[in-house]
Structures are given as structure tokens and as C-alpha cells.
Number of protein chains: 2
Amino acid sequence: MPYRRTTQVQARLQATRDRIVDAAVRRLATSGWAAISVAGVARDAQIATGTVYRHLEDKDALLAAAFRRAAGRELQVVTDAASTEGPPAARLEVALRVFADRALQGRRLAYALLAEPAGAAVEAERLTYRAGYRALFHDILVDGLADRSIQDHDAEVVAAVLVGAMSEALVGDPVTSDDASPDDASRLDALVAACLRAVPFATPHPTTLVSTDDPGGSA
Amino acid sequence: MPYRRTTQVQARLQATRDRIVDAAVRRLATSGWAAISVAGVARDAQIATGTVYRHLEDKDALLAAAFRRAAGRELQVVTDAASTEGPPAARLEVALRVFADRALQGRRLAYALLAEPAGAAVEAERLTYRAGYRALFHDILVDGLADRSIQDHDAEVVAAVLVGAMSEALVGDPVTSDDASPDDASRLDALVAACLRAVPFATPHPTTLVSTDDPGGSA
DNA sequence: GTCTATAGTTCGATAGAC
DNA sequence: GTCTATCGAACTATAGAC
């Protein structure tokens, strides 16, 4: 109802935009990119169809915003998990586990974020977020080089290897719903183990950490 | 006498279609997806613009065909390289090296095939070809399990890890032209080494092509 | 080949806030 | 009183059916 850019109005605008993007993310997490229609999202957000365009340029902008919100949450959760005190090996393992665990918890969303064909606008966002994960892993690897817990290696390359490995391995059958499979635990262990093997730790088995908790808590 | 598609006519049609797709691939390899315009491709193929649509449904079909031709060649080359006689470890290493080497030789094309935003049609093709690489690596890993040269592991997961690792690590700066960088050789070695580390070989160093302990090895 | 259904986008009218 | 966010119907384009 307000009309000018007072703080009150600004907050209201922001709240409406948030409702729009959240509605899009809900549809994305349930049914993928094709489920995001402007009219449907507007209905979910309890606004008129045309109002969507007051907040987002066009549908591509809506898709990109939905991607950024969902992917941004994931990256934040993994970043937080890796920010704990402790040796690089442990931080790396927890980052990998949290990444994989959340992807398996929300398979449909993971597929949408990691692999589902979605148009060039979303593709461009994907590249940005992959770079974010690269940087996160790179930082941990450099720490490992500094404290000699990881042998000399090309941290840029290994960081990219980790990002690619996780992304590719967690793209399962898109038809599969979010139902947890009994194989999930072993697949997760196999994936984390393979990723950790790729990192040249000074000691063969740096950690025996087994942490399956989810510090992020998806709403 | 009614018009029939004689083998001769069939061959000519095929040849024209091939010229169209090849022209698209040339533009792709030089300048990426944005460089593929129907008019430009038609000019390169020395046909009228409208003729393109007699061979391909629409632009998306042209893009998809260009992807399949370029990506199909790559997959074939890697498959052939991995089809040699020899232990699984050697076949895997040569497959990885050929994959990476070709990507570094043609950076622009590699970026286009592996990562460049290109629309949903091309995206869908990408998933298909990634599955092809997964199958290729999976076969080698299973061979290694059979002859005990590779320890017990989840071959599906490790195959996915290898595909993802290679794809992600070879997506360099898209601005960079195809000029070979002096770092290429060491980056390639680092990448192949990281991938091979992810595979639990029964013996630490299955081949002498890669040294994982001493970074001092000169290429 | 036409027709219809669906979905993205636009726009004039309305009403509420400064 | 002026300004602008909102509404929702109309417009347009495309895909699928007959």
C-alpha cells in the first residue's frame, strides 16, 4: 500500500520481493525449474501477476533470483560448517559431508541447482556459485599447505576437482523424489572418501571423523 | 515417376546437413555459442538461410546438433584412447590425459562444451554426454575391480567423481584464447594426478607416467 | 494447416501513502 | 494533491491437438 521509499516502504517492498522469491524457491525445490510460472508464483505469494514485474525485470530475473537464494543458502551453510576451528583435513571433510548430506536430503533441489537444464540465465549463476565453492575449498587447501598437513600440490586444480566431483556425483536420478534411500549413507561415505583421497594429505588417514548432523537445518 | 529419395539424393542431403553442422561447430570452437547465428552458419555452409530449416527443425536443434557432433568426437577420441590393451590403471590414465590434453588444446571449444551457458537444449545434451563419460570410466573401474588392481569401491560414485573433476578443472578463463600456456603441462599433470589419487589402486603408483610424491618431476 | 490452450508480458485504472 | 505500487484483464507468442 505504501508508495515512497521511506524505510517503512522499503521494508515492505523488500518483504514482497522476498515472498515472491521464496515462493519460486518452494516450487523449485518441489518440482524443478519448469514449475516456476509467473502466475503460479504470484498466486503463492498472494499478489497479482503483474506485480511480479514491479520487483523483477522478467522471468529470467525471477529464475536467477530463485537460484541465488537457494544456492546462496547452501553455500553459506557449507561455508559455516567449514569455518570451525580445527585442522584443514577436518574442516574439509565436514564441508564435503555437509554439502553432500544436504544434497541427498533435498535431491530435487540439488538436481535443480547442480544440473537441471534451465536456460542461460541460470547457467550463468551456476558458474558464479561454483567459483564460490572453489574459493572455499581453495582456502582450506592453502591452510593445509601452510601447516604442512597437506603435501605440495596445485590448490587451484584440486579445489576445482573437489567442486566438480561433488557436483557430478550428487546428480542422481532426477525422477527420484526426495525419499531417502538406504544406500545414501554408503554413497555419501564413498563420495567423501574419494574426494579426500584426491587431496594429498601428509598422513594417509587424517581423520576418522564421522559427522552426519546437519548444522543448517532446512526450513 | 514419383519423386523418391534415391541413395544419391540421400547422400547429397546428408552432405549438406553435415556442412551446416560443421560450420556451426567451427563457429562454436572459435567464439562460442553466441557466434552461432542461423544466417552466419548458412553463409559459411554456402547455402541460403532458409535452407537450414530444411535440415534442422529450429535453432535449438542446430545448437544441439553442433554440440552432439563436437562432444561426440571428443567422447569417441577418449573412448578409443581407453580401448587399448593394458591394465585398467594405464587405460584410465591415458583416458584422463587425452581428455585433458584435448581440452587444453582447444580451450574455447572445451569451455563451450563443458560450461558455457547455452540454453536448455544444449544443457540436456550435456547431461547425456556426461553420462557417456561416466559409463566409460565405470567400465574401466569395474575391470580394475575384476583383476584386483583396484581395491573395493563404489565404481558409480568414483566414475562420477572423475567426470566431474575433469569437467570442472578444465573450465578455465573463457576469455583466454586457445593459446597454450606454459603452465598447461603442470596443470594437466596435477589434474590427472588428483584424479588418479581418487581411485583406490591396490598399488600406490600403478604407472610411472605420474609422480604423486615428488613435485620436482620435470615434463 | 488451423485452432486452441497456455504462459510471458504489458498497460490503464485504482487506491493508498506522503 | 501528487505520486506510485498494485491489480487484473488484455495482448502476444508459442506449442500442441485435431
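Chain A is the first sequence line, chain B the second, and so forth, proteins listed ahead of strands; every chain is numbered from 1.
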Peer 1: Quickly work out the Gln46(A) CD to dG8(D) C1' distance and round it to whole Å.
Peer 2: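 Whole-Å distance recorded here is 16 Å.
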Peer 1: Could you check how far CD1 of Ile36(A) sits from C1' of dG8(C), rounded to whole Å?
Peer 2: 14 Å
Peer 1: Taking the basic N atoms (NZ, or NE/NH1/NH2) and the acidic carboxylate oxygens, is any pair closer than 4.0 Å for Glu74(B) and Arg69(B)?
Peer 2: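 No, Glu74(B) and Arg69(B) are not salt-bridged.
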Peer 1: Please work out which residues in residues 50-61 of chain A have a non-hydrogen atom less than 4.0 Å from an atom of DNA chain C and list them by number.
Peer 2: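 Heavy-atom contacts with DNA chain C come from Gly50(A), Tyr53(A), Asp58(A), Lys59(A).
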Peer 1: How close or far is atom P of dG16(C) from atom CZ of Arg12(A), stated in whole angstroms?
Peer 2: 13 Å
Peer 1: So what does Thr49(A) hit on the nucleic acid, given a heavy-atom distance under 4.0 Å: a base, only sugar-phosphate, or nothing?
Peer 2: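 Base, at least one base heavy atom under 4.0 Å.
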Peer 1: When the ring planes of Phe67(B) and Tyr129(B) are compared, do they come out parallel, tilted or perpendicular, using 30° and 60° as the limits?
Peer 2: perpendicular
Peer 1: Would you mind checking if Arg102(A) and Asp80(A) are paired as a salt bridge, meaning a charged N to carboxylate O distance below 4.0 Å?
Peer 2: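 So Asp80(A) does not pair with Arg102(A) through a salt bridge.
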Peer 1: Find out whether Val157(A) and Glu168(B) are in side-chain contact, i.e. whether some heavy atom of one side chain is under 4.5 Å from a heavy atom of the other.
Peer 2: no
Peer 1: Any ion pair linking Asp184(B) and Arg107(B) (charged N to carboxylate O, less than 4.0 Å)?
Peer 2: yes
Peer 1: Who are the salt bridge (Lys or Arg N to Asp or Glu O under 4.0 Å) partners of Asp44(A), not counting sequence neighbours?
Peer 2: Arg27(A)
Peer 1: Can you check the Arg43(A) CZ to dA9(D) P distance for me, whole Å?
Peer 2: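 Checked: the CZ to P distance equals 14 Å.
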